[in-house]
**Student:** 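Below you will find the structure I want to go over with you.
Start at 1 and go down the list; that is how both ligands and their atoms are numbered. Since we're looking at a predicted model, the values are computed, not measured.
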Amino acid sequence: MHKYNCWYQSIEDPNSRYNIGEIIYRCPKTGSLLEVEHDLEELKERSPESWKELFDTRYRKRKWPYGSGVWGKKEWVAPFIDDENIVSMYEGDTNLFWAEKYGNQIGVEDLWIKMCGNSHTGSFKDLGMTVLISAVKQLIADGKEIKAVACASTGDTSAALSAYCAAAGLKSIVFLPRNKVSIAQLVQPLANGAKVLSLDTDFDGCMKIVQEVCDKQNIYLANSINSLRIEGQKTISIEICQQFNWDVPDWVIIPGGNLGNISALGKGFLMLKNLGLIKKLPRLVCAQAENANPLYVSYLNKFKSFKPLKATTTYASAIQIGDPVSINKAINILKIFDGIVEQASEEELATSSAKMDLTGTFNCPHTGVAVTAFEKLVNKKIINKKDKVVIISTAHGLKFVDFKINYHLENLKGISNKFANHPIEIEASTDKIIKTIESQSF
Ligand SMILES: *Cc1c(COP(=O)(O)O)cnc(C)c1O
């Protein structure tokens, strides 16, 4: 395969260029975030129609690794990685679910849920992690010394990191805020053999420490400050257009915490437009939990200023972040996409999540945050009833069964539990059961 050119570039200086084979996470001159930049002129040598055809012939097929939703777009993602170093578990290719019943309730017929949580480790973090771990294998093959890969996590990044490291034969170390991740999220890295460090701090505290540790050791940093992750995550946008037969939705709504993903979503759409595969851009919405809403606060102020804050407990634990690493990228993207930031209270996210489940999903609390944002924007008539809307569902509900069962058992403090559904404990007697069924309203 032709090796298309890409490099690291500072987000503040388009003239900066750093070799993609170096281990750097920030611009060595200014400390600003980096992004992977692709040689668009080179990519334009292939026509838009021909790119579509190439991506479509690979999509969901078995020719390894190109059947993966990420590696099927390898030329646009990480062309510098040799196929033999790719660590793939067939990521992406997730269902774009037509939420007909739920959409009808709200009056928006063209509503779609991109089920990114139906994946190897149960969240969309697999998309970026396959790229990062493959790059680590490439770096090692090229002679770099890396003794382990580490991340701070609110649960899903650590699950993806440890699974991909285990598959690659690499050591992983994860830094988790103690008692702030779900049991399912804690058990995933344990099962995959990661060193799990459970720290008495929050995510922002873990993030600070992991950067210091990685700076001092030959340990590679896997958080989304590392722009290789963004390259994998951006394939969500490409895949959505592909699933719509290269049509573009009017809106894409995603829950945001560390804000790498809202940035990635934008990057994917921009690349599609710059390379001529699509003609217009969607509007993007980033949805935050009210208890962890620094971007929302900045949005209210038209992004004139930004202040990190101390995030407080939210059921949407994967986005309980007060000092997002990718804030500058996110703000840049939201400005380009005429973006909106919305927020959801605990009551709202729990209610939206349960309400939508009644139409057949089993969604996570973060998806509940995005669904709340959707409903609010429809009510404000910002989203029109005829618009084509995609909500990104970021994790599988089965990772958050504590939250979900406690909702139904009415154990969530301060939440109204409007859609709670209790198990009926009943004697194993046909008569009694028939009587009970007759007395219930269905
Ligand atoms: C990581 C994550 C998010 C948010 O992504 P960011 O890039 O941190 O903004 C949302 N939902 C789930 C389930 C996640 O794991």
**Student:** Tell me: protein heavy atom nearest atom 12 (C) of ligand 1, and distance?
**Tutor:** Thr394 OG1, 3.3 Å
**Student:** Give the atom numbers and elements of ligand 1 that come within less than 4.0 Å of a heavy atom of Ala318.
**Tutor:**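 Atoms satisfying the 4.0 Å criterion: 12 (C), 13 (C), 14 (C), 15 (O).
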**Student:** Would Cys364 count as a contact of ligand 1 if the rule is a heavy atom under 4.0 Å away?
**Tutor:** no
**Student:** Check whether Gln242 reaches the backbone of Phe55 with its side chain - one donor and one acceptor, N or O, closer than 3.5 Å.
**Tutor:** yes
**Student:** Considering both backbone and side-chain atoms of Ser123, is one of its nitrogen or oxygen atoms within less than 3.5 Å of a nitrogen or oxygen in ligand 1?
**Tutor:** no
**Student:** Which of these passes ring-ring contact (aromatic ring centres under 6.0 Å, His included) with Trp112: Phe97, Tyr102, Phe244?
**Tutor:**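 Of all the options given, the one that passes is Phe244.
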**Student:** Using heavy-atom distances only, which candidate in Asn261, Ile321, Asn223 approaches atom 7 (O) of ligand 1 most closely?
**Tutor:** Asn261
**Student:** Is Lys29 atom NZ crowded by more than 12 heavy atoms from other residues, nucleotides or ligands, each under 6.0 Å away?
**Tutor:** no
**Student:** Could you list which atoms of ligand 1 come closer than 4.0 Å to a heavy atom of His366?
**Tutor:**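 In order of number, 11 (N), 13 (C).
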**Student:** As an exercise, identify every atom of ligand 1 less than 4.0 angstrom from a heavy atom of Lys125.
**Tutor:** 1 (C), 2 (C), 3 (C), 5 (O), 14 (C), 15 (O)
**Student:** Would you say the rings of His366 and Phe400 are close, in the sense that their centroids are separated by under 6.0 Å?
**Tutor:**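 Between Phe400 and His366, the centre distance is under 6.0 Å.
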**Student:** Is the shortest side-chain heavy-atom distance between Gln233 and Val131 below 4.5 Å?
**Tutor:**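 Not in contact.
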**Student:** So, do Tyr220 and Tyr25 have ring centers that fall under 6.0 Å from each other?
**Tutor:**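 Centroid separation for Tyr220 and Tyr25: below 6.0 Å.
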**Student:** Would you say Lys114's side chain and Thr94's backbone share a donor-acceptor pair under 3.5 angstrom?
**Tutor:** yes
**Student:** In ligand 1, which numbered atoms sit nearer than 4.0 Å to a non-hydrogen atom of Asp156?
**Tutor:**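 Heavy-atom distances to Asp156 below 4.0 Å select 12 (C), 13 (C), 14 (C), 15 (O).
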**Student:** Within the 4.0 Å heavy-atom shell around Ala395, which atoms of ligand 1 are there?
**Tutor:**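 Those qualifying, in numeric order: 13 (C).
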**Student:** For the ring pair Trp51 and Trp76, is the centre-to-centre distance below 6.0 Å?
**Tutor:** yes
**Student:** Quick one: does Ser10's side chain have a donor or acceptor within less than 3.5 Å of a partner on Ser16's backbone?
**Tutor:**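 Not at all, since once roles are kept as given, no pair shorter than 3.5 Å links the two residues.
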**Student:** Who's the nearest protein heavy-atom neighbour of atom 8 (O) of ligand 1, and how far?
**Tutor:**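 Going atom by atom, the protein heavy atom closest to atom 8 (O) of ligand 1 ends up being Asn258 N, 2.9 Å.
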**Student:** Is there a nitrogen or oxygen of Leu259 sitting under 3.5 Å from a nitrogen or oxygen of ligand 1?
**Tutor:** yes
**Student:** Show which atoms of ligand 1 fall inside a sub-4.0 Å distance from at least one heavy-atom site of Ile319.
**Tutor:** 3 (C), 4 (C), 10 (C)
**Student:** Under 4.0 Å from a heavy atom of Gly256: give me the atoms of ligand 1 that qualify, with their elements.
**Tutor:** 9 (O)
